[in-house]
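Both counts, for ligands and for their atoms, begin at 1 and track the order of listing.
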Amino acid sequence: MQDKLTLMIPGPTPVPERVLKALAKHPIGHRSPEFQQIVKRTTDLLKWLHQTNGDVLTITGSGTAAMEAAIINTLSKGDKVICGENGKFGERWVKVAKAYGLNVTTIKANWGEPLDPKKFQSILENDSEIRAVIITHSETSTGVINDLQSISKHVKSHKNAIVIADCVTSIGACNVPMDEWGVDVIASGSQKGYMMPPGLSFVAMNNSAWEATKRSDLPKFYLDLQSYKKTVDKDSNPFTPSVNLYFALEESLLMMKNEGLESIFNRHNRHMKATQEAIKSIGLSLFAKEGFGSPAITSVQPNGVDAEKIRKTVKLKFDILLAGGQDHLKGEIFRIGHLGFVNDRDIITAVAAIESTLEQLNELKKPLGTGVATATKILNQTKN
Ligand SMILES: *Cc1c(COP(=O)(O)O)cnc(C)c1O
């Protein structure tokens with residue numbers, strides 16, 4: 001049906017009407033005092049969201065712009081770095097790092113498994129020249145959450161290295177206390193937990209990260225964070241930012257502030273659990289290792305049924321867009337996004353749509369309604 005699409009992919013995520021309406025306003029001058037006030041208010045709210053006293057800089061560009069900015073501002077050609085790689089986005093970190101001539105050591109885990117913090121510890125303990133540990137917190141391609149807290153702890157006992165984390169699908173979904181965990185640089189993007197359209201990305205920097213910028217010799221201009229820092233301190237931007245996306249950002253951050261961090265994390269946790277248990281109860285498997293599922297996304301392995309067929313049928317019958325598997329996982333898994341502007345109704349509906357689809361494909365192994373019953377039970381047990 002036209003105009004009835006429900007996004008349940010891990011970005012772009014659904015956008016609240018209040019945020020959409022903000023986008024429809026006339027642009028205002030980006031050097032006007034009115035706009036400066038918006039920069040000031042959104043910057044304060046971004047710091048609240050990241051639980052940091054450091055800086056959070058806003059870039060017009062997608063999440064990858066924030067990832068690239070993180071690398072080119074804190075590192076130098078030939079620097080030794082460790083990249084965690086257990087999915088598509090971990091691979092992206094490796095590609096960006098190599099594009100800029102960094103000396104990359106990768107620590108891998110099988111797709112579906114989390115990175116092992118001890119492997120980071122042992123390399124760090126034996127090499128004082130490592131300059132950065134670069135990882136993906138919530139690996140969107142597999143639905144795995146990595147142990148950013150433990151990995152950061154190991155980096156803190158190393159004298160030269162900083163931690164750079166892609167928190168694109170963890171910020172606004174689960175607890176990422178930047179200062180408490182000592183994460184030095186965090187990259188994120190607007191079309192994920194921020195409940196916004198794509199177009200803005202964010203780089204959070206603490207003092208150690210700024211210290212690292214002093215020796216960084218990689219080429220940069222549009223993504224030179226010194227110029228973002230200089231201007232944000234005057235409630236402004238180095239270039240013309242997406243003014244309308246800033247309007248949207250303020251609305252979405254105010255909605256998040258209103259809901260409160262604890263409630264946001266609790267909501268994502270409930271939705272993750274309800275989705276996981278419902279999927280298991282209808283005889284499908286979870287792709288992420290038990291206990292390491294991402295609060296933003298659940299990867300499903302339908303055991304012998306073509307995952308793409310399920311995904312396409314759900315889209316056709318119910319106008320719900322699920323994500324497919326990437327690379328070698330295409331056809332092997334599908335992914336249910338439950339990130340951002342998602343409520344209990346969305347979860348129940350998605351589970352019902354998947355059950356109904358399996359029934360139609362003659363692949364439902366359990367009585368129709370089992371998944372909805374399971375999800376309902378969990379959602380009722382754990383109130384928001
Ligand atoms: C979406 C996403 C990104 C950013 O991708 P863009 O398309 O550049 O916005 C980066 N990392 C992860 C884990 C993501 O899910």
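- Among protein heavy atoms, the minimum distance from atom 5 (O) of ligand 1 is reached at R92 NH1, 3.3 Å.
- Looking at V168 against ligand 1, only its side chain comes within 4.0 Å, counting heavy atoms.
- For Q191, the closest heavy-atom approach to ligand 1 falls below 4.0 Å.
- Taking atom 6 (P) of ligand 1 as the reference point, the nearest protein heavy-atom neighbour is S62 OG, 3.4 Å.
- Cation-pi geometry between K257 and W48 is met: the NZ or CZ atom falls under 6.0 Å from the ring centre, inside 45° of the normal.
- K229 has a carboxylate O that lies under 4.0 Å from a charged side-chain N of D233, or vice versa, which qualifies the two as a salt bridge.
- Using a 4.0 Å cut-off between a side-chain N of Lys or Arg and a carboxylate O of Asp or Glu, E113 and K108 do not qualify as a salt bridge.
- Every atom of ligand 1 is numbered from 1 in the order shown, and the set under 4.0 Å from a heavy atom of T169 is 15 (O).
- Compare L339, I297, L200, T140 by their heavy atoms: the one nearest to atom 13 (C) of ligand 1 is in T140.
- Under a 4.0 Å criterion applied to the non-hydrogen atoms of D166, ligand 1 contributes the atoms 10 (C), 11 (N), 12 (C), 13 (C).
- Residue S138 touches ligand 1 through its backbone alone, judged by heavy-atom distances below 4.0 Å.
- Heavy-atom separations between H137 and ligand 1 are all 4.0 Å or longer.
- The shortest contact between atom 14 (C) of ligand 1 and any protein heavy atom is with K192 NZ, 3.0 Å.
- Under the 4.0 Å criterion applied to side-chain N and carboxylate O atoms, R215 and D79 are assigned as salt-bridge partners.
- Between the side chains of S294 and S138, at least one donor N or O sits under 3.5 Å from an acceptor N or O.
- Nearest protein neighbour of atom 3 (C) of ligand 1, counting heavy atoms only, is F89 CE2, 3.5 Å.
- Figure legend: cation-pi geometry between K192 and F89, with NZ or CZ positioned under 6.0 Å from the six-membered ring centre and within 45° of its axis.
- Ion pairing between a basic and an acidic side chain is recognised when a charged N comes within 4.0 Å of a carboxylate O; D217 and K77 show no such pairing.
- Without hydrogens or angle criteria, N303 side chain to L284 main chain gives no donor-acceptor distance under 3.5 Å.
- With ligand atoms numbered from 1 in the order given, ligand 1 contributes 4 (C), 6 (P), 8 (O), 9 (O) to contacts under 4.0 Å with heavy atoms of G63.
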